[in-house]
Protein chains: 2
Amino acid sequence: MDKKVIKPDKDTEKRILDSARKIFHKKGLAGARMQEIADDAGINKAMLHYYYRSKEKLFSAVFQEAAERIFPEVSKILGSELPLFEKIKVLIENYIEMLKQNMYLPIFILHEIQQDPSRLVNIIMEDESKAFMKFFQDIEKAKAEGIIINTDIKTVIVNILSLCIFPVAAKPVISGIFNIRENEYMDYLESRKKSVTEFVIKAIKK
Amino acid sequence: MDKKVIKPDKDTEKRILDSARKIFHKKGLAGARMQEIADDAGINKAMLHYYYRSKEKLFSAVFQEAAERIFPEVSKILGSELPLFEKIKVLIENYIEMLKQNMYLPIFILHEIQQDPSRLVNIIMEDESKAFMKFFQDIEKAKAEGIIINTDIKTVIVNILSLCIFPVAAKPVISGIFNIRENEYMDYLESRKKSVTEFVIKAIKK
DNA sequence: GTCTATAACTCGATAGAC
DNA sequence: GTCTATCGAGTTATAGAC
């Protein structure tokens, strides 16, 4: 080990943000403690205020980053040129993969938006609507061609997101009910890439 | 008005619990303030400690009650004698109805369990497993009879719960994205009783 | 049982030395 | 840029009068 003990390859600011992310994601704004973030980063509490002026500002950096991770993922794929069923498949696979790597993200985002819905205004929709428009056209076209049943874009999107996000958000509950061990749960989520895709396509296919 | 100003028909303890539920559900354990609960109940802060010894104990009462509202609802229906598709329909309708009347419940429960997973041990499973066993038999029977595709109970239950719970938990986000006004969202959830039932049954029907 | 006043403590933030 | 020490606001909890 030629590395120093405390994350020596990252500069202080990066280490602070990494620790802040970890603590805020798990405990939320109200539950997180600056002391705990400082300890995790291996620095002093005063340093947090030196780099980020206040807890609120440090939190905002973490929240903004989280929002940018969870929202554009969807529109990027929805706006692409893939055929409908392929698009649904890729969306589900990519989204579950992103969530596997950020298990605390859904509850973190939803809890903080529930506290303060105004946090939404900064993040929702730029070219989101363009991507939705594209997906809307895909669905209308597939309906006209008799490929899928008479459904609507809202139902399809909300149901896909539900099936991807909830099993991540409710991990402790689901693993408790079905007696799935901590380290098996990732395999379960991995298997859902396939099963959710099949579930959704079968539900809308004519 | 022959009633007094501050909820006179309920005794103090009940009023405290009502206010505590309201505040804790919205803000969580860490974010809630005893002062705010006292104000909402129209009493003094000291009274909270008179009836419930501490914030933690008051919170526990609220959490326990919430858990009892959100979990047994499922097993009650899963353990019933309804035919499979009818059982799924009733489960979805009842669950969405319960959630409509308790919009903050999902995030509250999931956020607090994320904070402290040990809260689960007190609440999960008594005769839950008996109900699951019954539903498992329903599904195996329907498979054997060629009525539904080759699926498993875990997929079916997790997907149903996902489709019911997530749209409630993510209300601020979804209403923001699709531009649904506050008071229209309840109608949307109401309409999902039918659409989710159809979605699920079509997905598993042979 | 209900209130006021306050103790005891936690936590975000800052001052100031190095 | 990093640390120690400490302030001051806010919060839970309690003491004690009525």
Side-chain angles (χ1 to χ4, degrees), chain A residues 3-65 108 111-112 114-116 119, chain B residues 3-65 108 111-112 114-116 119:
Chain A
K3 289 183 178 184
K4 274 189 274 169
V5 177
I6 304 165
K7 304 171 189 164
D9 51 338
K10 302 170 189 171
D11 69 315
T12 307
E13 187 165 350
K14 178 67 160 49
R15 280 197 287 123
I16 290 174
L17 196 62
D18 286 344
S19 297
R21 185 187 307 114
K22 194 166 107 184
I23 308 295
F24 276 132
H25 279 202
K26 202 183 303 186
K27 311 211 165 178
L29 173 57
R33 295 288 163 257
M34 294 295 266
Q35 185 64 60
E36 194 178 357
I37 295 172
D39 290 348
D40 188 88
I43 54 154
N44 192 278
K45 207 170 45 159
M47 292 300 291
L48 298 181
H49 290 90
Y50 178 80
Y51 281 96
Y52 299 83
R53 270 180 52 79
S54 65
K55 185 185 183 185
E56 176 65 34
K57 285 207 171 53
L58 179 53
F59 172 81
S60 288
V62 171
F63 184 82
Q64 189 65 29
E65 178 202 64
F108 170 69
H111 176 75
E112 297 303 338
Q114 186 165 99
Q115 307 296 307
D116 180 5
R119 295 199 190 280
Chain B
K3 290 181 179 185
K4 274 190 272 169
V5 177
I6 305 164
K7 306 171 188 164
D9 50 337
K10 303 169 190 172
D11 67 312
T12 307
E13 188 166 350
K14 178 67 161 50
R15 278 196 287 125
I16 290 175
L17 196 63
D18 287 343
S19 297
R21 184 186 308 116
K22 194 165 107 186
I23 308 295
F24 276 131
H25 279 203
K26 203 183 303 187
K27 310 210 166 177
L29 173 57
R33 295 287 163 257
M34 294 295 266
Q35 184 65 60
E36 195 178 357
I37 295 172
D39 291 348
D40 187 88
I43 54 154
N44 192 279
K45 209 172 39 161
M47 292 301 289
L48 298 181
H49 289 91
Y50 179 80
Y51 282 95
Y52 298 84
R53 269 180 51 81
S54 66
K55 185 185 183 185
E56 176 65 34
K57 285 207 171 50
L58 179 53
F59 173 81
S60 288
V62 170
F63 184 82
Q64 189 65 28
E65 178 203 65
F108 170 68
H111 175 74
E112 297 302 338
Q114 186 164 100
Q115 308 294 308
D116 180 5
R119 294 197 191 281

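In what follows, every chain begins at residue 1, and chains take the letters A, B, ... in the order their sequences are listed. Being a predicted model, the structure only gives us computed values, none of them experimental.
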Would you kindly give the CD1-to-P distance between B:I37 and D:dA13, to the nearest whole Å? 11 Å

Output for pair (A:I16 CD1, A:L58 CG), nearest 0.5 Å, gives 7.5 Å

Side-chain contact, heavy-atom cut-off 4.5 Å: A:F59 with A:E112? yes

Should B:R21 and B:D18 count as an ion pair when the cut-off is N to O under 4.0 Å? yes

Distance, rounded to the nearest Å, where A:D11 contributes CG and D:dG1 contributes P: 10 Å

Got a list of side-chain donor-acceptor pairs under 3.5 Å for residues 45-56 of chain A, not counting sequence neighbours?
from: A:S54; atom 1: OG; to: A:K57; atom 2: N; distance (Å): 3.2
from: A:K55; atom 1: NZ; to: A:L29; atom 2: O; distance (Å): 2.9
from: A:K55; atom 1: NZ; to: A:A32; atom 2: O; distance (Å): 3.0

A:N44 or A:Y50, whichever maps to the more 5' nucleotide of DNA chain D: A:Y50

Measure CD1/B:I43 against C1'/C:dC3 and give the value in whole Å, please. 11 Å

Report the residue from B:I37, B:L17, B:D40 that forms a side chain to side chain contact (heavy atoms under 4.5 Å, CB included) with B:K22. B:D40

I need the full list of salt bridge (Lys or Arg N to Asp or Glu O under 4.0 Å) pairs touching residues 25-37 of chain B, with sequence neighbours left out, sorted by first then second residue. B:K27-B:E36

Which residues pass the side chain to side chain donor-acceptor pair (under 3.5 Å) test with A:Q64, sequence neighbours left out? A:E68

Give the rounded distance in Å between these two atoms: CZ of A:F59 and P of C:dA13. 14 Å

Tabulated below should be each protein N or O lying under 3.5 Å from an N or O of nucleotides 8-12 of chain D; please produce it.
from: D:dT11; atom 1: OP1; to: B:R33; atom 2: NE; distance (Å): 3.1
from: D:dT11; atom 1: O5'; to: B:R33; atom 2: NE; distance (Å): 3.2
from: D:dT12; atom 1: OP1; to: B:K55; atom 2: NZ; distance (Å): 3.3
from: D:dT12; atom 1: OP2; to: B:M34; atom 2: N; distance (Å): 3.3

At under 4.0 Å between heavy atoms, what does B:Y51 touch on the DNA or RNA strands: base, sugar-phosphate, or nothing? sugar-phosphate

Rounded to the nearest Å, what distance is computed from the CG atom of residue A:L48 to the P atom of nucleotide D:dG1? 15 Å

Of all residues at least two apart in sequence or in a different chain, which pass the side-chain contact (heavy atoms from CB on, under 4.5 Å) check with B:D116? B:S118, B:R119

Residues B:F108 and B:F24: closest non-hydrogen pair is CD1-O, 3.3 Å

Per atom distances to the B:T12 side chain, the nearest of C:dT2, D:dC3, C:dC3 is C:dT2

What does the list of N/O pairs under 3.5 Å between the protein and nucleotides 15-18 of chain D look like, with a distance for each?
none

